[in-house]
**Q** 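There's a structure below that I have some questions on.
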Amino acid sequence: MFLRGNPDKTEPAFDARPLKTKEIARFGEGTPLPWLDRHALACVDASGDLRDVLKSTALAITLFCACTGPAMAYAPDETPIVIGRSTLLESKVLGQLRRINVHTPADYATSGKTYPVLFLLDGGEREDFPHIAGLAQLGELSWTYREMIVVGIEGIDRRHDLTHPSTVAQEQADFPTLGGSAAYRRFLSEELKPWVAARYRTNGESAIMGESLAGLFVIETLLKQPTLFDAYIAASPSLWWSDQALARGAPADIARWPALGSRKLYLTIGDEGSTMQEGVDKVMAAIGAAKPAGLTLVYDPMPHEQHSTIYHPAALKAFRTVWPGPRPD
């Protein structure tokens with residue numbers, strides 16, 4: 001991992017360390033590269049140095065460099081709408097470059113304030129970053145929940161990163177790269193969280209959010225490492241995974257919890273039913289039986305929502321619940 005100094009944290013600095021094409025290749029053979037990386041390869045100079053390309057990533061979601069093709073051209077009277085910034089972070093834990101997308105409040109550069117941080121799984125530009133960053137901006141306008149920094153981690157192989165090992169033969173056959181959640185959690189804990197704290201004005205509060213397999217990871221992180229984040233937001237978590245092994249093991253995990261301090265869990269599920277609902281019910285029963293001190297639990301099922309529609313309304317309700325603003329109505 002690399003950091004670049006930024007003492008006053010008024011404007012996040014971008015690391016200008018030379019990045020060689022062989023490092024881009026570490027995403028893995030056959031793995032689709034994020035948009036910038038595919039197009040950035042055309043910008044590499046004779047030495048293979050992508051330094052200037054990385055500097056250009058300050059436009060984040062629009063993600064273009066000087067040599068972008070006609071698809072990214074703008075008319076003279078047009079400018080891109082910028083909702084965040086994007087950069088590449090080298091992870092020694094994962095042995096990969098990971099794209100990190102960040103949304104800050106509109107007045108971040110001048111406010112001098114510190115903010116809580118939402119770590120968003122599946123946080124790529126073609127994943128959940130745009131609509132969750134939009135909800136963060138809505139909080140800035142409505143004051144119904146607090147302003148926040150959104151840190152989106154773009155997915156590469158979510159079936160690897162977000163799942164624990166499975167004992168189910170069919171899952172092993174269907175998802176041969178499964179089982180990387182422990183390493184991914186180390187990446188968040190040992191590399192990404194310190195990187196964000198060094199680069200942005202944070203207030204020490206953090207939350208992690210995800211849906212489906214990302215929701216499974218959120219619940220696993222709460223059960224295995226409950227003090228890593230202050231708040232956990234899980235929408236329709238895939239607790240059917242590995243024959244509901246995580247849910248079935250929840251009582252034992254909770255029994256091993258240290259003193260929690262103050263933690264929050266916002267959990268919701270749509271109309272999925274079946275083993276997904278059974279897994280959620282098992283986790284709820286385990287928490288209810290243990291009554292862990294310091295954990296505020298909000299279980300908010302949404303039976304009128306489907307797996308494909310639940311995330312956005314769930315995220316809005318979660319923000320109002322986990323980080324209520326000065327005008328919560």
**Q** Is it the case that the side chain of Ser189 and the backbone of Arg186 share a donor-acceptor pair, with hydrogens and angles ignored and the cut-off at 3.5 Å?
**A**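 Such a contact is absent between Ser189 side chain and Arg186 backbone.
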**Q** How about Arg85 and Asn101: do any of their side-chain heavy atoms sit closer than 4.5 Å?
**A**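 Result no, sub-4.5 Å side-chain heavy-atom pair not found.
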**Q** Carefully, step by step, assess Arg158 and Glu127 under the rule salt bridge (Lys or Arg N to Asp or Glu O under 4.0 Å).
**A** CA-CA 11 Å; Arg158 68 194 303 270; Glu127 296 175 303; 5.3 Å; no
**Q** Once rounded to the nearest 0.5 Å, what's the spacing between atom CD1 of Ile269 and atom OG of Ser236?
**A**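 If we round to the nearest 0.5 Å, Ile269:CD1 and Ser236:OG are 5.0 Å apart.
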**Q** Looking only at heavy atoms, what is the nearest atom pair of Val93 and Ala183, with distance?
**A**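 Looking at all heavy atoms of both residues, the closest pair is CG1-O, 3.5 Å.
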**Q** Quick one: does Gln172's side chain have a donor or acceptor within less than 3.5 Å of a partner on Ala169's backbone?
**A**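 Checked: no pair found.
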**Q** Inspect the contact between Glu205 and Arg146 and indicate whether a charged nitrogen and a carboxylate oxygen are less than 4.0 angstrom apart.
**A**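 Yes.
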**Q** Taking the side chain as everything from C-beta on, heavy atoms only, tell me whether Met302 gets closer than 4.5 Å to Lys317.
**A**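 Touching, per the 4.5 Å side-chain cut-off.
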**Q** Between atom CD of Gln96 and atom CG of Leu89, what is the distance when rounded to the nearest 0.5 Å?
**A**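 Interatomic distance, Gln96 CD to Leu89 CG, rounded to 0.5 Å: 11.0 Å.
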**Q** Any idea which heavy atoms bring Gly123 and Phe129 closest together, and the distance?
**A**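 Heavy atoms of Gly123 and Phe129 come nearest at O-CB, 3.3 Å.
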**Q** Are Trp257 and Leu295 close enough, and set up right, to give a side chain to side chain contact (heavy atoms under 4.5 Å, CB included), and what steps lead you there?
**A** CA-CA 11 Å; Trp257 279 2; Leu295 178 67; 4.2 Å; yes
**Q** Output, in order, the C-alpha distance, side-chain angles, deciding distance and verdict of side chain to side chain donor-acceptor pair (under 3.5 Å) for Asp300 and Thr268.
**A** CA-CA 5 Å; Asp300 186 19; Thr268 184; 5.3 Å; no
**Q** On a heavy-atom basis, which atom in Leu213 and which in Ser238 lie closest, and how many Å separate them?
**A**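 Scanning both residues, the minimum pair turns out to be N-OG, 3.4 Å.
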**Q** Decide whether Ser181 and Glu220 meet the rule of one side-chain donor and one side-chain acceptor closer than 3.5 Å.
**A**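 Yes, a side-chain donor-acceptor pair sits under 3.5 Å.
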**Q** Show, in sequence, the C-alpha distance, side-chain angles and deciding distance for Ile153 and Leu120, and conclude whether the side chain to side chain contact (heavy atoms under 4.5 Å, CB included) test is met.
**A** CA-CA 6 Å; Ile153 310 102; Leu120 175 65; 5.7 Å; no
**Q** I need the full list of ring-ring contact (aromatic ring centres under 6.0 Å, His included) pairs touching residues 202-227, with sequence neighbours left out, sorted by first then second residue.
**A**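 Every ring-ring contact (aromatic ring centres under 6.0 Å, His included) pair that includes a residue of residues 202-227, provided the two are not neighbours, is Tyr184-Phe217.
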**Q** Under 4.5 Å between side-chain heavy atoms, hopping through other hydrophobics if needed: is there a path connecting Val218 to Met284?
**A**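 In one cluster: yes.
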**Q** State, to 0.1 Å, how close Leu118 and Trp323 come at their nearest heavy-atom pair, and which atoms those are.
**A**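 So the two residues come closest at N-CH2, 4.1 Å.
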**Q** Considering residues at least two apart in sequence or located in another chain, which fulfil the salt bridge (Lys or Arg N to Asp or Glu O under 4.0 Å) criterion with Arg159?
**A**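 If we apply the salt bridge (Lys or Arg N to Asp or Glu O under 4.0 Å) test to Arg159, skipping adjacent residues, there are no hits.
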**Q** Are Arg320 and Thr144 side-chain neighbours, meaning at least one heavy-atom pair lies under 4.5 Å?
**A**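 Contact flag for Arg320/Thr144 side chains = yes.
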**Q** Apply side chain to side chain contact (heavy atoms under 4.5 Å, CB included) to the pair Tyr108 and Ile149, showing each step before the final yes or no.
**A** CA-CA 9 Å; Tyr108 178 88; Ile149 297 170; 4.1 Å; yes
**Q** Hey, are the side chains of Leu239 and Met276 touching, using non-hydrogen atoms and a 4.5 Å cut-off?
**A**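 No. Closest side-chain heavy atoms not under 4.5 Å.
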**Q** Centres of the Tyr266 and Tyr232 rings: under 6.0 Å?
**A**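 Tyr266 vs Tyr232: aromatic centres not under 6.0 Å.
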**Q** Would you indicate whether the side-chain heavy atoms of Leu260 and Pro292 approach each other to under 4.5 Å?
**A**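 Contact flag for Pro292/Leu260 side chains = yes.
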**Q** Are any of the side-chain heavy atoms of Trp240 and Ser274 separated by less than 4.5 Å?
**A**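 Of all side-chain heavy-atom pairs linking Ser274 with Trp240, none is under 4.5 Å.
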**Q** Rounded to the nearest 0.5 Å, how far apart are CE of Met209 and CG of Asp128?
**A**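 These two atoms lie 7.5 Å from each other.
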**Q** Among side-chain atoms of Ser91 and Glu191, is any donor-acceptor pair under 3.5 angstrom?
**A**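 Yes, a side-chain donor-acceptor pair sits under 3.5 Å.
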**Q** Do you know the tightest heavy-atom contact between Pro130 and Gly124?
**A**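 Closest pair (atom of Pro130, atom of Gly124, distance): CD-O, 3.7 Å.
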**Q** Should the ring pair Phe175 and Trp241 be called parallel, tilted or perpendicular, given that the plane angle runs from 0 to 90° and is split at 30 and 60?
**A**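 Rings of Phe175 and Trp241: tilted, as their planes differ by 30° to 60°.
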**Q** Find the distance between CG (Asp230) and OG (Ser206) and round it off to the nearest 0.5 Å.
**A**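 Asp230 CG to Ser206 OG: 4.5 Å, rounded to 0.5 Å.
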**Q** Taking ring-ring contact (aromatic ring centres under 6.0 Å, His included) as the cut-off, I'd like each qualifying pair that reaches into residues 282-316, sequence neighbours left out, listed once.
**A**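 Qualifying pairs: His131-Tyr311, His131-His312.
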**Q** Ignoring hydrogens and angles, state whether a donor on the side chain of Asp157 or Thr177 is under 3.5 Å from an acceptor on the partner side chain.
**A**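 Side-chain D/A pair, Asp157 to Thr177: present.
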**Q** Output the distance between atom OH (Tyr145) and atom OG1 (Thr321), rounded to the nearest 0.5 Å.
**A**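 Result: 11.5 Å between the selected atoms.
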**Q** Report yes if some heavy atom in the side chain of Leu246 is under 4.5 Å from a heavy atom in the side chain of Lys224; otherwise report no.
**A**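 In short, these two side chains touch, coming nearer than 4.5 Å.
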**Q** Any side-chain heavy atom of Tyr115 sitting closer than 4.5 Å to one from Asn203?
**A**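 When only atoms from C-beta onward are counted, Asn203 and Tyr115 do not touch, as no gap falls below 4.5 Å.
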**Q** Hey, are Gln277 and Glu272 close enough side-chain-wise for a donor-acceptor pair under 3.5 Å?
**A**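 No pair is found: no donor N or O on one side chain lies under 3.5 Å from an acceptor on the other.
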**Q** What are the two closest non-hydrogen atoms of Ile254 and Ala290, and how far apart are they?
**A**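 Heavy-atom minimum between the residues: CG2-CB, 3.5 Å.
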**Q** Take Arg263 and Thr296, measure what side chain to side chain donor-acceptor pair (under 3.5 Å) needs, and give me the verdict at the end.
**A** CA-CA 6 Å; Arg263 310 289 159 183; Thr296 300; over 6 Å; no
**Q** Does either side chain, that of Arg201 or that of Ser111, offer a donor lying less than 3.5 Å from an acceptor on the other one?
**A**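 Judged by distance alone, the side chains do pair up.
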**Q** Distance to the ring centre below 6.0 angstrom and angle to the axis at most 45 degrees; does that hold for Lys193 and Phe187?
**A**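 No, Lys193 does not lie over the aromatic ring of Phe187.
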**Q** Report the C-alpha separation of Val117 and Val151 in whole Å, then their side-chain angles, then the decisive distance to 0.1 Å, and conclude whether the side chain to side chain contact (heavy atoms under 4.5 Å, CB included) test is met.
**A** CA-CA 7 Å; Val117 180; Val151 177; 3.7 Å; yes
**Q** Any ion pair linking Arg126 and Glu154 (charged N to carboxylate O, less than 4.0 Å)?
**A**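 Salt bridge flag = no for Arg126 with Glu154.
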**Q** For Asp253, is there an ion pair with Arg248 - N to carboxylate O distance below 4.0 angstrom?
**A**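 Between Asp253 and Arg248 there is no salt bridge, as every charged N stays at least 4.0 Å from the carboxylate O atoms.
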**Q** Test Arg98 against every option in Asp161, Leu88, Thr87 by the side chain to side chain contact (heavy atoms under 4.5 Å, CB included) rule and name the one that passes.
**A**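 Considering Asp161, Leu88, Thr87, a side chain to side chain contact (heavy atoms under 4.5 Å, CB included) with Arg98 is found only for Asp161.
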**Q** In Å and rounded to the nearest 0.5 Å, what is the CG to CD1 distance from Leu121 to Ile132?
**A**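 One gets 11.0 Å once the value is rounded to the nearest 0.5 Å.
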**Q** Do Thr221 and Gln225 get their side chains close enough for a donor-acceptor pair, meaning under 3.5 Å?
**A**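 No, no side-chain donor-acceptor contact under 3.5 Å.
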